[in-house]
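Here is the structure we will look at.
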2 protein chains.
Amino acid sequence: MRTQFLYEKNLTGVANSVKRKQEQYLKIVRHLYYNGAASIAEIVKAVKISQPLVASLVDDLMGYGMLLDNGIGESIGGRRPNLFCINPEYQYVIGVDINLHSLNLAVFDLSNKQIHREEIKYFDLENSEEYLTALLEKIERMISRLGIAREKYLSVGISIPGLVDARHGLSHTHLSVAENGLAQYLSEKLGMSVQLDNDARIMALGEKAFGKAIDKENVLCLNLSNGIGLGMILNGELHSGKNGFAGEFGHILIDPKGELCHCGKIGCLETLTSGKILVRNVKKAIENGQPTILAQYHEEGKKIDLRAVVEAIQAGDQFAIDQLNQMCEYLGKGLVTLIHLLNPEMVIIGGKLAHTGKIVLDPVAMSMNKYAMSRISSETELVCSDLLDNSALMGTMANVMKCVLSLDE
Amino acid sequence: MRTQFLYEKNLTGVANSVKRKQEQYLKIVRHLYYNGAASIAEIVKAVKISQPLVASLVDDLMGYGMLLDNGIGESIGGRRPNLFCINPEYQYVIGVDINLHSLNLAVFDLSNKQIHREEIKYFDLENSEEYLTALLEKIERMISRLGIAREKYLSVGISIPGLVDARHGLSHTHLSVAENGLAQYLSEKLGMSVQLDNDARIMALGEKAFGKAIDKENVLCLNLSNGIGLGMILNGELHSGKNGFAGEFGHILIDPKGELCHCGKIGCLETLTSGKILVRNVKKAIENGQPTILAQYHEEGKKIDLRAVVEAIQAGDQFAIDQLNQMCEYLGKGLVTLIHLLNPEMVIIGGKLAHTGKIVLDPVAMSMNKYAMSRISSETELVCSDLLDNSALMGTMANVMKCVLSLDE
DNA sequence: ATACTTTTATAATATTTTTTAAAAGATTAT
DNA sequence: ATAATCTTTTAAAAAATATTATAAAAGTAT
């Protein structure tokens with residue numbers, strides 16, 4: 001079973017005809033992956049290869065076990081079509097969502113189903129050999145517990161906060177201790193290919209593939225948690241910039257007379273809008289005797305973190321909502337800059353704060369109305385993600401499949 | 001002579017084999033246009049078609065008069081290659097650069113040479129039938145004066161300031177009186193296809209094809225004249241946004257406590273940085289008795305416009321340079337936002353102010369050093385355009401050829 | 001002068017598509 | 001309801017197309 005041959009990118013020293021055939025297979029698999037089960041006739045239209053050839057290629061792929069007969073479909077006025085789909089169990093993808101204080105792992109089949117998911121809380125990200133070893137151990141344990149043969153794993157997708165150079169597989173902010181770069185390191189240790197990117201961009205890929213950005217060409221995805229990340233889909237493609245540093249939305253200037261940011265500049269958006277600031281403000285207020293549900297939480301010994309604040313907001317806590325509203329005014333200001341520059345068709349809010357839905361959306365929308373040129377902003381839809389906590393893991397899957405099924409190079 | 005067959009986009013009702021052949025021709029022509037004369041062997045490598053087939057396709061194109069034998073090239077250790085190139089005189093492109101107060105026209109041959117260029121000064125842009133008629137008349141007169149057969153013109157490229165929806169050929173800010181949109185209107189009147197876009201984006205295309213952005217993937221092009229326009233090359237492609245409104249750099253927020261902008265918002269970059277503001281400030285200062293070369297100009301009865309200010313700056317006028325420096329501090333601030341968001345590899349300054357070269361570059365660079373995260377900004381080169389006043393016309397040529405030679409759809 | 005390269009041309013082979021036909025179901029008029 | 005006519009899908013044969021392999025031509029390097 002030539003499991004991997006389909007995806008190998010630089011088939012060197014191989015006959016040209018083999019490359020061509022690989023490309024044809026890829027086109028078909030690509031179409032079936034992104035559009036679901038299809039008949040020969042449908043594939044023909046989509047991939048622009050003649051019907052007899054598509055039929056024979058599909059036949060081959062069935063032979064390899066990669067495609068399955070998916071029964072016969074509805075007729076639209078003629079013979080009923082035989083449908084084909086990707087064999088979901090032909091291969092699997094591992095998703096790794098690295099957060100500052102937790103780790104999410106998942107295994108996907110080729111129908112994008114999470115056949116396994118686990119969350120490791122209190123797994124603090126630190127730049128040490130120990131962390132890397134522990135991370136590998138968690139992944140290895142998952143693999144052995146699932147009992148799926150190692151060769152069945154197509155690739156590993158990783159989401160991590162901070163500056164990431166996806167092209168070279170480097171994580172600059174975190175885990176820079178990994179030899180030869182994080183992707184290379186993990187790839188060698190796990191014996192699988194690894195696709196790495198920054199959390200906000202991974203989220204954007206998730207939204208583009210499985211969320212509200214499907215079929216949209218210009219979408220901004222905001223990851224509102226402790227920090228404030230931005231992933232951009234521009235002209236239908238993920239934008240990473242020259243070094244993968246694009247999306248530093250948290251450090252655009254909002255208030256020239258504002259606070260000092262940890263980045264050294266003054267008045268960055270992140271000094272005014274972020275989960276961290278929200279929590280800080282709440283804590284300060286509790287100390288000052290502000291009446292709020294969060295004060296109760298505090299008395300009950302509950303930790304006052306972003307999760308708690310979101311909970312309070314969802315419970316209707318007036319003070320917390322007020323704080324959020326204030327933050328959103330600034331966020332809206334920042335978004336207006338983005339919208340004026342990029343003219344996106346949609347802005348998706350994700351991250352922990354997206355759980356509050358309309359409560360976060362409305363004040364942002366208000367602020368945008370105030371600060372944006374309506375001619376431009378009226379073309380932009382503002383919504384909350386519906387992938388929410390799953391967006392990073394779904395994004396890793398999307399990223400892996402995008403890389404694996406890409407035709408270019 | 002089937003002049004146009006090569007470019008026709010949606011060949012409907014035509015045999016599939018014809019479409020395929022058209023695509024093959026297009027690939028070859030594309031390569032020769034963008035890379036200059038090449039041998040069969042080179043073309044084979046570039047377009048990934050076999051050598052005997054490429055040879056026969058090139059033969060066909062020579063038969064149509066589209067390609068020329070370009071003699072034999074240097075050997076690199078074997079038989080010397082026959083070179084082929086596009087026949088520069090096979091077709092021509094008309095470039096139209098519409099400015100607020102002037103109009104530039106040019107005719108290009110397929111080697112991108114301006115075989116004709118004319119500048120019409122004091123041709124004020126206004127939204128009237130009269131303007132359109134006058135514009136058409138200028139173009140028609142140029143065509144008849146040149147005496148090149150009408151069928152020889154491949155297309156017309158237009159650059160115009162303001163909001164432009166290139167996809168639909170609409171100019172929103174100017175000339176909105178044109179029936180069915182500006183592109184459609186001109187196309188019907190001239191009997192040629194028309195490619196339309198906003199001046200800053202056209203400039204960006206010019207820089208990408210002929211200027212400093214060649215071979216770069218992420219470049220921001222700033223058009224610094226009376227206004228402040230932005231054209232972006234992202235992932236190697238021009239970014240226009242959903243409606244072609246992307247690039248409203250002049251209306252991003254810089255100073256929340258600043259002046260009212262004509263767009264209704266407060267503290268837009270354009271209220272702090274633009275040729276218009278520069279001229280305004282200079283005039284005010286002259287009234288107040290500020291010693292400056294410009295005061296002399298004024299006494300001599302010379303009009304104090306941006307051109308005069310640029311002249312003074314080039315002459316070393318201390319006051320004017322001071323004014324420019326102040327402006328550039330704000331411009332740098334704005335650019336930092338762009339760089340943080342998009343992580344470009346290069347920022348190109350064009351427009352009238354680019355004529356001042358280092359004098360405008362240095363203060364902008366200084367400001368960027370101050371306000372940007374060096375990790376990101378250090379990856380970005382800041383330069384002045386060397387196309388300068390030609391960038392719009394060159395851009396129209398680039399835009400036309402990009403559209404004509406595009407493979408997609 | 002000989003061996004080695006690169007480029008181009010030709011012939012043989014392989015691939016892909018077009019054409020044609022058959023199978024299977026939907027639609028419609030009687 | 002049923003036969004006749006259309007559709008759509010699939011299969012197989014024939015034709016067209018493109019590629020690979022081979023050879024020849026025209027150079028360079030030693």
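To find a chain, count down the sequence lines: A is the first, B the second, and so on, and within it residues start at 1.
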Candidate list B:Leu68, B:Asp109, B:Val29, B:Asn70, test side-chain contact (heavy atoms from CB on, under 4.5 Å), partner B:Ile86, passing option = B:Val29
ask   = Looking at the side chain of A:Pro52, which of C:dT6, D:dT28, C:dT17 is the nearest nucleotide?
value = C:dT17
query = Rounded to the nearest Å, what distance is computed from the CG atom of residue B:Asp59 to the P atom of nucleotide C:dT8?
reply = 12 Å
message = From the set C:dT8, D:dA12, D:dT28, return the single nucleotide nearest to any side-chain atom of A:Gln51.
response = D:dA12
request  = Please report the shortest heavy-atom distance between A:Ile43 and A:Ala38, naming the atom on each side.
outcome  = CG1-CB, 4.1 Å
task = Whole angstrom is fine here: how far is it from CD1 in A:Ile40 over to P in C:dA23?
result = 19 Å
query = Can a side chain N or O of A:Arg80 be found less than 4.0 Å away from OP1 or OP2 on D:dT7?
reply = no
query = Relative to the 5' end of DNA chain C, which residue comes earlier, B:Leu83 or B:Gly78, by the nucleotide with the nearest heavy atom?
reply = B:Gly78
key: Euclidean distance, atom CG of residue B:Asn70 to atom C1' of C:dT7 [Å, nearest integer]   = 17 Å
key: Nearest-Å distance for atom pair CD1/P, residues A:Ile49 and D:dT17   = 18 Å
ask   = At under 4.0 Å between heavy atoms, what does B:Ser50 touch on the DNA or RNA strands: base, sugar-phosphate, or nothing?
value = base
inquiry  = At less than 4.0 Å, is any side-chain N or O atom of B:Asn82 found next to OP1 or OP2 of C:dT7? Yes or no.
reply    = no
ask   = Where the side chain of A:Lys208 meets the backbone of A:Glu237, is there a donor-acceptor pair that is under 3.5 Å apart?
value = no
inquiry  = Can you tell me which nucleotide in D:dT20, C:dT17, C:dT8 comes closest to the side chain of B:Arg20?
reply    = C:dT17
key: Rounded distance (Å) that lies between atom C1' of D:dT19 and atom CG of B:Leu53   = 9 Å
query = Does a nitrogen or oxygen in the side chain of A:Gln24 sit under 4.0 Å from OP1 or OP2 of C:dT16?
reply = yes
request  = Answer with yes or no whether the side chains of A:Gln114 and A:Asn390 bring together a donor and an acceptor at under 3.5 Å.
outcome  = yes
key: Side-chain donor or acceptor of A:Asn243 paired with backbone N/O of A:Asp165 under 3.5 Å   = no
key: Distance, rounded to the nearest Å, where B:Lys21 contributes NZ and D:dA16 contributes P   = 13 Å
ask   = To the nearest Å, how far apart are A:Lys45 NZ and D:dT10 P?
value = 11 Å
message = Please determine whether any donor N or O and acceptor N or O are separated by less than 3.5 Å between the side chain of A:Arg79 and the base of D:dT9.
response = yes
task = Rounded off to whole Å, could you give me the CD-to-C1' distance for the B:Glu74 and C:dT5 pair?
result = 15 Å
task = Please tell me which of A:Glu42 and B:Gly77 maps to the more 5' nucleotide of DNA chain D, matching each residue to the nucleotide holding its nearest heavy atom.
result = A:Glu42
